[in-house]
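These notes are about the structure you will find just below.
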Number of protein chains: 2
Amino acid sequence: MDWSIQDIARLAGTTSRTLRHYDNIGLLAPSRVGSNGYRYYDQRALVRLQRILLLRDLGLGLPAIAEVLENETDAARALRGHHGWLRQEQQRLARQIASVETTIAAMEGGEMIMAEDMLDGFDHTQYREEVEQRWGTEAYAKSDAWWRGLSKADKQAWMERQRQLARDWIAAAEGGIAPDGDEAQALAQRHFDWLRGIPGTPGGGSNGPTKEYFVGLGEMYVADPRFAANYGGQAGAEFVRAAMAAYAARNL
Amino acid sequence: MDWSIQDIARLAGTTSRTLRHYDNIGLLAPSRVGSNGYRYYDQRALVRLQRILLLRDLGLGLPAIAEVLENETDAARALRGHHGWLRQEQQRLARQIASVETTIAAMEGGEMIMAEDMLDGFDHTQYREEVEQRWGTEAYAKSDAWWRGLSKADKQAWMERQRQLARDWIAAAEGGIAPDGDEAQALAQRHFDWLRGIPGTPGGGSNGPTKEYFVGLGEMYVADPRFAANYGGQAGAEFVRAAMAAYAARNL
DNA sequence: GGTATAGGTTGACGCAGCGTCAATGTCAAG
DNA sequence: CTTGACATTGACGCTGCGTCAACCTATACC
């Protein structure tokens, strides 16, 4: 005994379109096809469909489901892998939610990030000594000239970017992820690109900072409490340093 | 002064492809286009791009971002709405994770759901009295005959579906969502479709059960501890009843 | 001036998983 | 014979770009 396409669709709680799709991609073929082209499905097909839908509800992709159904053995293994991915997603969402919340708070509290005047209170000369000491007076002079030469809009854009980057670093550090994982490495990449925009950094310019400079910067973030504060304190700065070091080791 | 497309891409930490995309969909036009078709961007454009990327990192969709940037005012409101959606997503993920975990446990512990013999221990006659009392002896006889007439595969499929449904109900109840929300109502819909497959239910068959039957069933789940156990106990059953009642009020 | 090289342009496909027409054939019932 | 329900095969749409492909341009060095 077999059912029409609508019948099993109803029986399994899905739609005929879905069944045709599954047929097209080879995930579930009808047990019989009439001379008129009509699809008919029997019990075996129904059982398979049920399994498919079960796994789909758990969030597995159709290719993964197909694999599970063919091998028969490693269903649990596939689910464990999937479970890991789900948890990652959840963490990503948690961090995003935190970001949104702090952003909302910032917008309601202060003048909000989108506002025009956000340069107040920023004095880049406060880092003068450190920069001169570690990378020479010339490096500082260059970057100082660069900064003074920027228009107001430029400065705003640059700071906005810096602040967002710092926020993301903090969120990442608090999220408890690995400094050498993909997430953190993506942040390190952003950090690298951001530095690239500052002339006067050793090796700076289009090619980006040198390995030594990049790693040394990470050290400084930890060593200097003024920098550490930007990244959520000591723990945050250490996370940033670890991520930067890992990035440098791989890419520079 | 303006930059080439690669320049701002680097400055903002994105790609030229993205910028072309934003131009195509009207989200961010270049400030100037050379006679050769090259795109050039100035500070204003850079600022706008930065805002776009900031909002994008928070998870907003491009149309939503466009809206925020035009209206200028309701950025916080848009973010609050987005925040709600993010939390929903997070809850959905949490429930999915819980489902995956219980499924893994079931597969490792018992013979797993995919196994063949899972009809043991199910005795549908245990509900005989209740059914006869509430909906008449004929209703029971019909559904009994239907069940006995099913093949082994049919019975398996039916039970698998029932069990998954119950699991999802439990997860939903524990997830703390509203019984009349979209999520729970989708489950009620599945429950309705599932009942549809059982002849002998009042109004059953292709059209599905009647409103009275559907609501009455929900009551029974709460009243009878044997049913309640299927849905994770008293609290779970009450959640199911509430969801079914809401569903019936709207759709039946 | 020639040429190597980097960077620019406009299409257009691909991805995940179907929803949703569109145009048309089939089956059961009145 | 007509009507209506259900079937078929395309094919576009959605999200946000990544990734070729095929073809100009700008810059720099010889």
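Given the structure is predicted, the values throughout are model-derived calculations rather than measurements.
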Exercise. Are any of B:Y22's side-chain N or O atoms less than 4.0 Å away from OP1 or OP2 of D:dC17?
Worked result: yes

Problem set entry | OP1 or OP2 of C:dG8 under 4.0 Å from side-chain N/O of B:S16 | no

Problem set entry | Check: A:S99/A:R95 side-chain N/O donor and acceptor closer than 3.5 Å | no

Exercise. What is the distance, rounded to the nearest whole Å, between atom CG of B:D23 and atom C1' of D:dC17?
Worked result: 14 Å

Problem set entry | Touch class at under 4.0 angstrom, heavy-atom based, for B:I25 against every strand present | nothing

Seminar exercise, completed: B:L19 atom CG is separated from C:dT10 atom P, nearest whole Å, by 13 Å

Exercise. Does a side-chain N or O from A:R20 land closer than 4.0 Å to OP1 or OP2 of D:dT9, or not?
Worked result: no

Problem set entry | Note: A:R32-A:D42 ion pair, threshold 4.0 Å (strictly below) | no

Exercise. Is any side-chain nitrogen or oxygen of A:R39 closer than 4.0 Å to OP1 or OP2 of D:dC6?
Worked result: no

Exercise. What's the NE2-P distance between A:H21 and D:dA7, to the nearest Å?
Worked result: 19 Å

Exercise. Hey, what do you get for CG (A:L69) to CG (A:L27), rounding to the nearest 0.5 Å?
Worked result: 6.5 Å

Exercise. Nearest to the side chain of B:L62 - C:dG8, C:dC18, D:dC17?
Worked result: D:dC17

Problem set entry | Ion pair check, A:E183 and A:R92, cut-off under 4.0 Å | no

Problem set entry | Spacing between A:L60 atom CG and C:dA16 atom P, to the nearest angstrom | 14 Å

Exercise. Atom CD1 of B:I5 and atom P of C:dA6: how far apart are they, to the nearest Å?
Worked result: 19 Å

Exercise. Does B:Q185 reach the main-chain N or O of B:A243 with its side chain, forming a donor-acceptor pair under 3.5 Å?
Worked result: yes

Exercise. Rounded to the nearest Å, what distance is computed from the CG atom of residue A:N24 to the C1' atom of nucleotide C:dG17?
Worked result: 12 Å

Exercise. Would you say the side chain of B:R17 and the base of D:dT19 hold a donor-acceptor pair, judged only by whether the two atoms sit under 3.5 Å apart?
Worked result: yes

For this session: Begin from the C-alpha positions of A:D23 and A:R39 and carry the test salt bridge (charged side-chain N to carboxylate O under 4.0 Å, His left out) through to its verdict.
Result: CA-CA 10 Å; A:D23 188 9; A:R39 294 173 176 82; 2.9 Å; yes

For this session: Identify whether the distance between the nearest side-chain nitrogen and carboxylate oxygen of A:R48 and A:E70 falls below 4.0 Å.
Result: yes

Under 3.5 Å, which N/O atoms of the protein pair with N/O atoms of nucleotides 24-26 of chain C?
from	atom 1	to	atom 2	distance (Å)
C:dG25	N2	A:Y38	OH	3.0
C:dT26	O4'	A:Y38	OH	3.3

For this session: Measure from CD1 on A:I8 to C1' on D:dA7 and round the result to the nearest Å.
Result: 13 Å

Problem set entry | Side chain of B:Q6 - closest among D:dG18, C:dG7, C:dC18 | C:dG7

Exercise. Within less than 4.0 Å of OP1 or OP2 of D:dG18, is there a side-chain N or O belonging to B:T15?
Worked result: yes

Exercise. Looking only at side-chain N and O atoms, does A:S4 come under 4.0 Å of OP1 or OP2 in D:dC6?
Worked result: no

For this session: Send over the distance from A:D7 CG to C:dC27 C1', rounded to a whole Å.
Result: 14 Å

Problem set entry | Residues B:D168, B:R190: salt bridge by 4.0 Å N-O rule | yes

Exercise. At under 4.0 Å between heavy atoms, what does B:G61 touch on the DNA or RNA strands: base, sugar-phosphate, or nothing?
Worked result: sugar-phosphate

